[in-house]
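Report on the following structure.
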2 protein chains.
Amino acid sequence: MTATQELTKNQSLVFDALTRAEGPLSAYTILDQLRNNGFRAPLQVYRALDKLLDYGMIHRLESINAFVACSHPHDHGHSHGMIAFAICEKCGQVSEFSDDVITARVREWTNGNGFKPSKTTIEIRGVCANCGTA
Amino acid sequence: MTATQELTKNQSLVFDALTRAEGPLSAYTILDQLRNNGFRAPLQVYRALDKLLDYGMIHRLESINAFVACSHPHDHGHSHGMIAFAICEKCGQVSEFSDDVITARVREWTNGNGFKPSKTTIEIRGVCANCGTA
DNA sequence: GTTCGTATGTGATGTTATTACATTAGTCAA
DNA sequence: TTGACTAATGTAATAACATCACATACGAAC
Ligand SMILES: [Zn+2]
Ligand SMILES: [Zn+2]
Ligand SMILES: [Zn+2]
Ligand SMILES: [Zn+2]
């Protein structure tokens with residue numbers, strides 16, 4: 001289940017909203033955008049988001065309580081390595097990148113300390129190149 | 001301003017609560033623990049937390065909406081490099097570590113992309129060695 | 001003592017996320 | 001066809017996290 005057309009109606013609506021958006025959206029912003037499509041309650045959004053997260057089609061940005069469509073549409077699972085996000089606090093643009101060195105380094109620490117990782121969050125907040133020079 | 005005795009009353013109460021605790025605490029948990037000390041409203045906690053974050057005496061764990069006392073009491077500013085947290089989802093224990101390689105690697109990316117970082121979050125959730133073998 | 005910055009007290013409100021329960025729709029086997 | 005099962009959905013209420021607005025108190029500087 002990785003293609004848009006296999007999603008349910010609500011999942012598609014939420015995914016499309018995130019794909020249309022320039023930057024990350026909060027669950028309640030998505031809810032407001034989808035009221036004309038029959039959405040009435042937060043749970044309709046959160047349930048769709050949970051599935052889309054499962055499928056690896058979107059990401060949750062923990063540091064800003066928001067969600068963003070994955071910018072690597074052909075590698076939804078991000079099978080190799082962990083993902084870092086650079087989040088511009090001025091324009092909201094999110095850059096998604098992976099780094100094998102960071103991945104290896106984190107794994108070294110967890111292996112060395114007997115820590116079994118389930119989810120790793122790397123988020124850099126700041127000002128992007130566009131906003132910095134403007 | 002880095003020593004406990006220079007804190008205000010509310011700041012000391014909040015900092016002591018976090019220091020006593022085995023693991024991270026939510027703002028509302030702190031509030032409940034301090035009701036006998038005159039705390040009545042969330043803002044009393046959040047204001048103290050903000051100052052303690054400024055002073056580098058505590059950290060906010062973005063991925064679990066909680067706060068923890070810094071485990072490096074003699075390096076509150078963490079002057080050199082960024083900090084990563086390993087958070088056990090079973091016992092709540094938080095391990096704080098810094099890694100120069102990760103720090104350098106993140107800086108490479110931000111420099112290469114003209115991104116001016118203000119705050120970097122690295123949080124690994126999983127199961128610690130104690131809980132994994134138990 | 002007046003002024004000013006910092007800290008505090010308090011109620012109301014805003015934002016994010018989950019619980020609980022009812023309903024609907026599709027699948028599959030007896 | 002019916003019943004049983006699973007997944008998805010609809011809805012209201014509530015919980016959990018965070019901030020706003022305004023009033024008051026305190027200490028240092030002048
Ligand atoms: Zn992605
Ligand atoms: Zn920007
Ligand atoms: Zn620390
Ligand atoms: Zn543990």
Side-chain angles (χ1 to χ4, degrees), chain A residues 1-2 4-18 21 23-55 57-68 87 89 92 119 121 123 125, chain B residues 1-2 4-18 21 23-55 57-68 87 89 92 119 121 123 125:
Chain A
M1 172 86 75
T2 56
T4 301
Q5 61 270 27
E6 299 179 20
L7 299 174
T8 69
K9 174 165 155 282
N10 285 2
Q11 287 160 18
S12 291
L13 286 166
V14 169
F15 182 67
D16 290 347
L18 284 172
L25 299 179
S26 79
Y28 280 76
T29 301
I30 296 170
L31 174 58
D32 286 339
Q33 290 190 9
L34 295 181
R35 289 207 186 272
N36 294 333
N37 296 278
F39 275 52
R40 312 286 313 267
L43 203 49
Q44 294 175 288
V45 178
Y46 281 108
R47 283 200 277 232
L49 289 171
D50 282 346
K51 287 295 185 184
L52 295 170
L53 287 169
D54 275 352
Y55 303 154
M57 299 175 69
I58 66 172
H59 300 291
R60 175 186 166 81
L61 302 176
E62 313 273 7
S63 65
I64 59 173
N65 295 323
F67 303 84
V68 68
I87 306 165
E89 288 172 323
K119 173 148 195 252
T121 297
E123 295 177 17
R125 272 165 298 161
Chain B
M1 174 85 74
T2 58
T4 301
Q5 62 270 26
E6 300 178 20
L7 298 175
T8 68
K9 175 164 156 283
N10 284 4
Q11 288 160 17
S12 291
L13 286 166
V14 169
F15 182 67
D16 290 347
L18 284 172
L25 299 179
S26 78
Y28 278 76
T29 301
I30 297 171
L31 175 58
D32 286 340
Q33 290 190 8
L34 295 181
R35 290 207 186 269
N36 294 333
N37 297 278
F39 273 52
R40 312 284 314 263
L43 205 48
Q44 295 175 289
V45 178
Y46 282 109
R47 283 199 277 231
L49 289 171
D50 282 346
K51 288 295 184 184
L52 295 170
L53 287 168
D54 275 352
Y55 303 153
M57 300 174 69
I58 66 171
H59 300 290
R60 175 185 166 80
L61 302 176
E62 312 274 7
S63 65
I64 60 173
N65 295 325
F67 302 84
V68 67
I87 306 165
E89 288 173 323
K119 174 151 195 251
T121 298
E123 295 177 17
R125 271 165 300 160

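Chain letters run A, B, ... following the sequence lines, proteins first and then strands; every chain starts at 1.
- The side chain of A/Pro42 lies closest to C/dT18 when the candidates are D/dA18, C/dT10, C/dT18.
- An OP1 or OP2 oxygen of D/dA16 is reached within less than 4.0 angstrom by no side-chain nitrogen or oxygen of B/Ser26.
- Atoms CD1 (B/Ile64) and P (D/dA16) sit 15 Å apart, rounded to a whole Å.
- Atom pair A/Glu62:CD and C/dT16:P shows a separation of 14 Å (rounding to whole Å applied).
- Contact annotation: A/Lys51 side-chain N/O to D/dA8 OP1/OP2 distance is under 4.0 Å.
- Of the candidate nucleotides C/dT8, C/dT19, D/dA8, C/dT19 has the atom nearest to the side chain of A/Leu43.
- Remark: A/Arg35 engages A/Asp32 in a salt bridge, criterion side-chain N to carboxylate O under 4.0 Å.
- Distance B/Arg40 CZ to C/dG11 P: 6 Å, rounded to the nearest Å.
- Rounded to an integer number of Å, the gap from CZ of B/Phe67 to P of D/dA16 is 16 Å.
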Exercise. Would A/Glu123 and A/Arg125 satisfy salt bridge (Lys or Arg N to Asp or Glu O under 4.0 Å), going step by step from the backbone distance to the final call?
Worked result: CA-CA 6 Å; A/Glu123 295 177 17; A/Arg125 272 165 298 161; 5.5 Å; no
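- Taking side-chain N and O atoms only, A/Arg60 has a distance below 4.0 Å to OP1 or OP2 of C/dA17.
- The side chain of A/Tyr55 sits closest to D/dA8 out of D/dA8, D/dA21, D/dA18.
- Checking C/dG9, D/dT11, D/dA18 against the side-chain heavy atoms of A/Gln44 singles out D/dT11 as nearest.
- Of the side-chain N and O atoms in B/Arg47, none sit less than 4.0 angstrom from OP1 or OP2 of C/dT10.
- The CG atom of B/Leu25 sits 15 Å away from the C1' atom of D/dA16 (whole-angstrom rounding).
- As rounded to whole Å, 7 Å separates atom P of C/dT18 from atom CG of A/Asp50.
- With rounding to whole Å, B/Tyr28 atom OH is found 14 Å from C/dA17 atom C1'.
- OP1 or OP2 of D/dA18 has not a single side-chain nitrogen or oxygen of A/Asn65 nearer than 4.0 Å.
- Set against C/dT8, D/dA18, C/dA17, the side chain of A/Ala27 has C/dA17 as its closest nucleotide.
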